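Values in this document were obtained by computation on a predicted structure and should not be read as measured data. Just so it is clear: chains get the letters A, B, ... in the order the sequence lines come, proteins before strands, and each one is counted from 1.
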There are 2 protein chains.
Amino acid sequence: MVQPETVLPADFFLELDRSSPMPLYHQISTRLERAIRDQTLPAGARLENEVSVGQRFGFSRPTVRRAIQELVDKGLLVRRRGIGTQVVHGQVTRNVELTSLYEDLSQTGQNPTTTVVRHEIGTADETIANALGVAVGDRVLHVTRVRYADGVPLAVLDNTLPSEFADFTKDELANRGLYQLLRTRGTTMKIAKQQIGARSATMSESELLSLPRNAAVLTMKRTAFDSSGRAVEHGQHCYSPDLYTFEITLVDK
Amino acid sequence: MVQPETVLPADFFLELDRSSPMPLYHQISTRLERAIRDQTLPAGARLENEVSVGQRFGFSRPTVRRAIQELVDKGLLVRRRGIGTQVVHGQVTRNVELTSLYEDLSQTGQNPTTTVVRHEIGTADETIANALGVAVGDRVLHVTRVRYADGVPLAVLDNTLPSEFADFTKDELANRGLYQLLRTRGTTMKIAKQQIGARSATMSESELLSLPRNAAVLTMKRTAFDSSGRAVEHGQHCYSPDLYTFEITLVDK
DNA sequence: AATATCAGAATGTCCTGACAAAGTTGTTCG
DNA sequence: CGAACAACTTTGTCAGGACATTCTGATATT
């Protein structure tokens with residue numbers, strides 16, 4: 001028994017701006033996402049079919065398809081041939097994005113602050129050399145920071161940067177997010193490879209995060225790559241597990 | 001200074017089968033991925049441009065674009081207007097997929113086995129009701145299993161299933177992966193929402209996983225949704241962190 | 001009443017065509 | 001020689017068209 005489709009109101013896309021630099025498919029996608037989040041399109045609802053949306057609102061079918069695919073990729077919609085497109089049940093959650101922790105916290109209203117506890121020029125050992133795609137012995141910048149959220153210590157962030165960024169100052173790193181700084185240099189982060197795990201905190205981490213000796217910590221190793229596919233940053237991070245988790249939505253292709 | 005493009009050999013797509021049910025774009029994508037993995041297309045290489053690939057091999061440009069986009073989404077390629085498409089540096093790693101742990105382990109040659117330590121019909125409390133989209137008090141199946149890899153305890157898997165799957169037997173769950181079982185019922189998993197964290201192991205977990213008292217464990221809560229967008233499974237899993245991590249590739253949209 | 005078949009509905013795939021935007025390279029001018 | 005501009009290159013966006021596949025509901029048959 002197929003749910004009747006939810007016909008979109010005639011003024012649904014009233015605010016779309018065809019002269020905007022924002023692609024049309026993205027505007028459509030954003031508008032639909034808003035409807036899902038405010039439950040105009042509630043969980044389980046079947047969306048008006050893509051051919052009809054295209055005809056009624058003056059979009060080409062590939063443009064509508066692309067907009068819907070964005071939401072499918074985010075896990076908000078599912079599609080089936082013969083049936084149509086449905087809104088996924090369950091709470092709509094924030095999904096992990098390629099951003100720095102600084103930006104994450106800012107975006108969720110948890111005022112981030114930073115203490116730089118290490119800032120030194122060193123040379124790349126084999127692990128770093130492999131991660132950053134540089135030669136063993138190349139100059140790198142080692143930085144260790146403690147990140148606070150609303151004044152509470154949340155994470156110890158150990159990062160290594162290639163020589164082209166070795167001139168980031170202690171001050172800069174204390175006052176801005178790392179990705180913010182990289183962006184001021186015209187570096188666009190495109191990909192991050194991450195490995196998430198857990199272990200017991202070191203002595204130093206326990207102190208920095210105000211955790212009991214040997215407490216469990218959530219860890220993440222990350223290498224980020226720019227728009228040329230080159231590694232720009234390698235990090236080993238350690239989070240207070242009571243305060244931080246990773247939320248990830250997986251979608252089957 | 002732009003890298004010269006790597007021209008694909010004339011026989012590069014020789015094995016593609018246009019009569020296959022496998023979509024052409026996926027075949028192209030798979031073939032390109034193979035070339036990246038075997039380093040025919042090495043890290044940093046610039047791929048032959050999409051217009052040329054389409055002309056030379058007889059594919060439409062959107063089909064080529066779609067194939068390339070699949071690899072961009074996987075973090076293997078990056079694209080820039082005016083420059084072209086490049087292979088990302090860094091090791092090509094396995095990326096997390098919407099599969100069960102059983103399938104993960106099988107696929108990586110780590111012979112999975114399972115002990116069922118709890119198997120009982122119960123009723124949904126508020127948390128479970130919210131996760132599964134059922135009513136509080138509805139019938140559910142609670143299952144707790146220990147998963148071994150090559151005979152070593154790896155994870156404690158606590159799962160709750162809605163009543164339609166309440167007839168899975170202890171035997172079935174001991175011998176097959178959960179997602180395998182769901183698939184025999186015609187259920188297609190499409191989306192999983194996951195929350196990854198860490199904490200200290202409970203007494204019971206320490207014993208089941210042969211870990212020291214209060215050892216750090218890696219945790220994951222998961223709710224999986226089917227192709228109608230309905231929740232089909234809620235799990236709370238706990239992993240031995242020395243043996244298991246999550247590898248995730250994030251791609252900027 | 002139960003089962004099989006068919007038609008309609010909706011997404012999935014692939015193609016052709018056109019124009020825009022961002023980056024690099026080459027040419028011209030001061 | 002360096003800066004500015006133009007041309008070229010490559011990806012990004014959008015449209016329109018056609019056909020294939022999967023699913024549901026209606027109808028026909030037993």
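Among residues two or more places apart in sequence or in another chain, the ring pair (Phe, Tyr, Trp, His ring centres under 6.0 Å) test is passed with A:Phe59 by A:Phe13.
Across all strands shown, B:Arg65 has heavy atoms under 4.0 Å from base atoms, whether or not it also approaches the sugar-phosphate. At the heavy-atom level, B:Arg61 lies under 4.0 Å from base atoms of the strands shown. At the heavy-atom level, B:Gln69 lies nowhere under 4.0 Å from the strands shown. Heavy atoms of A:Pro62 sit under 4.0 angstrom from at least one base atom. At a threshold of 4.0 angstrom between heavy atoms, the contacts of B:Glu5 are confined to the sugar-phosphate backbone, with no base atom among them.
Distance from the side chain of B:Thr63 is smallest to C:dC14 among C:dC14, D:dC14, C:dA22. Distances were taken from every side-chain heavy atom of B:Asn49 (C-beta onward) to each of D:dT10, D:dA20, D:dT13; the shortest belongs to D:dT10. In the set C:dT13, D:dG12, D:dT13, the nucleotide with an atom closest to the side chain of B:Arg79 is D:dG12. Picking from D:dA15, C:dA10, D:dT13 the nucleotide with the shortest atom distance to the side chain of A:Ser60 gives D:dA15.
For the pair A:Thr85 and C:dA10, the criterion of a side-chain N or O lying under 4.0 Å from OP1 or OP2 is not met. Between B:Tyr25 and C:dC14, a side-chain N or O to OP1/OP2 separation shorter than 4.0 Å is absent. Contact annotation: A:Arg66 reaches the phosphate of D:dT13 (side-chain N/O to OP1 or OP2, under 4.0 Å).
For B:Leu24 and D:dA20, the CG to C1' distance is 14 Å, given to the nearest whole Å. In this structure, CD1 of B:Ile28 is placed 13 Å from C1' of C:dC15, rounded to the nearest angstrom. With rounding to whole Å, A:Arg80 atom CZ is found 12 Å from C:dT11 atom P. One can place NE2 of B:His26 at 10 Å from P of C:dT13, the figure rounded to the nearest angstrom. A:Phe57 places its CZ atom 17 Å from the P atom of D:dC14, with the value rounded to the nearest Å. Residue B:Arg46 contributes atom CZ, which lies 11 Å from atom C1' of C:dG23 at whole-angstrom precision. Note: CZ (B:Arg81) to C1' (C:dC19) measures 12 Å, nearest angstrom. A straight line from CD of B:Gln27 to C1' of C:dT13 spans 12 Å, rounded to a whole angstrom.
Inspection of the A:Thr114 and A:Arg147 side chains reveals an N or O donor paired with an N or O acceptor under 3.5 Å. At a cut-off of 3.5 Å, with distance as the only test, a side-chain donor of A:Glu233 or A:Asn159 sits close to an acceptor on the other residue.
Residue-environment remark: CZ (A:Arg230) stays at or below the threshold of 12 foreign heavy atoms within 6.0 Å.
The backbone N or O of B:Arg222 lies less than 3.5 Å from no partner atom in the side chain of B:His237, so there is not a single donor-acceptor pair.
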